[in-house]
A.B. asks: 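The following block contains the structure, expressed as structure tokens.
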Amino acid sequence: MSLFPGSIAFDEYGRPFIIIRNQDTERRLTGSDAIKAHILAAKSISQTLKTSLGPKGLDKLMVSPDGDVTVTNDGATILKMMDVDHEIAKLMVQLSQSQDDEIGDGTTGVVVLAGSLLEQAEQLLDKGIHPIRIADGFELAAQFCIKHLESISDSFPVDPANLEPLIQTAMTTLGSKIVNKCHRQMAEIAVHAVMSVADFEKKDVNFEMIKIEGKVGGQLEDSMLVKGVVVDKDFSHPQMPKVLHDVKLAILTCPFEPPKPKTKHKLDVTSVEDYRALRKYEQDKFSEMVQLVKDAGATLAICQWGFDDEANHLLLQRELPAVRWVGGPEIELIAIATGGRIVPRFEELTPEKLGFAGLVREISFGTTKDKMLIIEKCKNSKAVTIFIRGGNKMIIEEAKRSIHDALCVVRNLVKDDRIVYGGGSCELSCSIAASQEADKISSLEQYAFRAFADALESIPLALAENSGLSPIHTLTEVKSRQIELKNPMLGIDCMQNGSNDMKELQIIETLHSKKQQLLLATQLVKMILKIDDIRSCGGGHEE
């Protein structure tokens, strides 16, 4: 009886009745009320993001509980930072996150599409169509649209000798970001970074080899791609040389300090002689450590831990430049780039375990004391660093997110080299094809098919609206021209270039990204339509 959710009582005639616990705090929605509440929550999230879609999309300013300010128009970042309570709204957040994890781009579009599909589903529910039939119709329409996308896609061979097409694709991604004032430069940095680390045999790109480092100051145009590693540290002693050529690096995870007893014994120093002996022992140990590094042939020591002034002075005397307090991820990246081995003990250091770099230099910034080390011309050029400058921390963080999106798009092209054209052209083409296909379906799913076609028009509509154009006029005009000319490359001219042909304007998106958007949005909408009962404890959650 302990698992029973209430208690049994008896009325004055001895008839039993059950009193369920916590009924006053529980809330329950069933049937179409539940579905309508879910659709409302999802639509409100979708409406929030709709204004951030496209090259003329607006940014959102998010303030965290700690008072940190973030300005972004990246869908996944906006939703991640929104404090969302409603369970269906949380699903929308996860939807954009999964698009970000899988593709890296299209996070705003996928949420706008899901919201539009639910809006259309609400109208079908009002007509009395069962949610399961709507969900099945949407699934059929999504599969049909994916086949149609494949039929209108172009192949886009990735050739390391001709990077221009890849740069155009990266520029499309960066068009809606804060970095669009140095649009081409950022696209080139992203493409060259991916090409440096791409494995064309396996058709894969290891993102761990690309490190993105930022430093406040300067302007976005000062950003650069370093074929090596940038470390936010400087040489341990100010008198050490600032530029080193043909460097052999000892990468150490052991500290430059005398060994401490591992047991809890304490050492009593009772006389001056004992103290002098201890001091001499420490000096001998320091000297021995430095000599071991020198004997291995190292000309630069990279140390994960710190060392005191005495060791630092000794390193300067012995002409062994050193860098201290280098973090774990940087140590690993330096080891990969220079071909060295990470050494945990001085005794294990041998010439074979040293890394090699053609140039190590220290750079300083403006009038500040900030310094950084750049390790270049390494043995393994497959480790690169994108170094971003910007006026403030917010711009740098947004530039990092933008570069990440561009890197993901170029990686997707390395994996699957098929593309479709942007500007809402492929959504319009799918919408027209789905409307025509709906006429051939005799079952009830034809309504869902038409609704899916209408929902696809939400992307070009939002693009036109955000660009300051008349949404309905622009959409109908482009749609009629697509049907008349049978040209699936006509889209919304957001930048007022005077042409609607997206191929001519080089507005390119990956086929993989578009397919994923359709699949993920449809899966989520199907799941939401299948929920017809909701019970929540504690009440008070917003609808």
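We number each residue from 1, following the sequence as shown.
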A.B. asks: Please identify each residue that fulfils salt bridge (charged side-chain N to carboxylate O under 4.0 Å, His left out) with Asp126, with sequence neighbours left out.
C.D. replies: Lys36
A.B. asks: Any donor-acceptor pair under 3.5 Å linking the side-chain atoms of Tyr421 with those of Asp154?
C.D. replies: yes
A.B. asks: Within the distance-only criterion (no hydrogens, no angle test), does the side chain of Ser429 pair as donor or acceptor with the backbone N or O of Pro488 below 3.5 angstrom?
C.D. replies: no
A.B. asks: Let's go through Ile78 and Leu49 carefully: what are the C-alpha distance in whole Å and the side-chain angles of both, what is the deciding distance for side chain to side chain contact (heavy atoms under 4.5 Å, CB included) to 0.1 Å, and is it a yes or a no?
C.D. replies: CA-CA 8 Å; Ile78 294 168; Leu49 282 196; 3.8 Å; yes
A.B. asks: Check this for me, if you would: do Glu509 and Lys514 make a salt bridge, where the nitrogen-to-carboxylate-oxygen distance has to be below 4.0 angstrom?
C.D. replies: yes
A.B. asks: Could you check whether any side-chain heavy atom of Leu511 comes within less than 4.5 Å of a side-chain heavy atom of Ile419, counting everything from C-beta outward?
C.D. replies: no
A.B. asks: Among pairs that include at least one residue of residues 407-416, which meet side-chain hydrogen bond (donor to acceptor under 3.5 Å, both in side chains), considering only residues two or more places apart or in two chains?
C.D. replies: Asp416-Arg418
A.B. asks: Please tell me whether Gln168 and Glu164 have a donor and an acceptor in their side chains that are separated by less than 3.5 angstrom.
C.D. replies: yes
A.B. asks: Before accepting this row, confirm whether a basic side-chain N of the pair Lys43/Glu122 lies closer than 4.0 Å to the acidic partner's carboxylate O.
C.D. replies: yes
A.B. asks: Evaluate Lys50 against Glu465 for salt bridge (charged side-chain N to carboxylate O under 4.0 Å, His left out), listing each step before the verdict.
C.D. replies: CA-CA 10 Å; Lys50 199 177 266 187; Glu465 196 173 338; over 6 Å; no
A.B. asks: Between the side chains of Lys60 and Thr72, does any donor sit under 3.5 Å from an acceptor?
C.D. replies: no
A.B. asks: Looking at Lys56, I want to see if its NZ is surrounded by more than 12 non-hydrogen atoms of other residues, nucleotides or ligands under 6.0 Å.
C.D. replies: yes
A.B. asks: Do Met394 and Val69 come close enough that some side-chain heavy atom pair is under 4.5 Å?
C.D. replies: yes
A.B. asks: Partners of Thr385 by side chain to side chain donor-acceptor pair (under 3.5 Å), sequence neighbours excluded?
C.D. replies: none
A.B. asks: Is there a side chain to side chain contact (heavy atoms under 4.5 Å, CB included) between Arg450 and Ser435 once you walk through the steps?
C.D. replies: CA-CA 5 Å; Arg450 283 199 190 90; Ser435 299; 5.7 Å; no
A.B. asks: Tell me whether the count of non-hydrogen atoms from other residues, nucleotides or ligands lying under 6.0 Å of OH in Tyr447 goes above 12.
C.D. replies: no
A.B. asks: Under 4.0 Å between a side-chain nitrogen and a carboxylate oxygen: does that hold for Glu150 and Lys515?
C.D. replies: yes
A.B. asks: Please report the C-alpha distance between Arg481 and Glu484 in whole Å, then the side-chain angles of each, then the deciding distance to 0.1 Å, and finally whether the salt bridge (charged side-chain N to carboxylate O under 4.0 Å, His left out) criterion is met.
C.D. replies: CA-CA 5 Å; Arg481 284 182 59 200; Glu484 188 186 326; over 6 Å; no
A.B. asks: Should the pair Lys90-Asp85 be classified as a salt bridge under the 4.0 Å nitrogen-to-oxygen rule?
C.D. replies: no
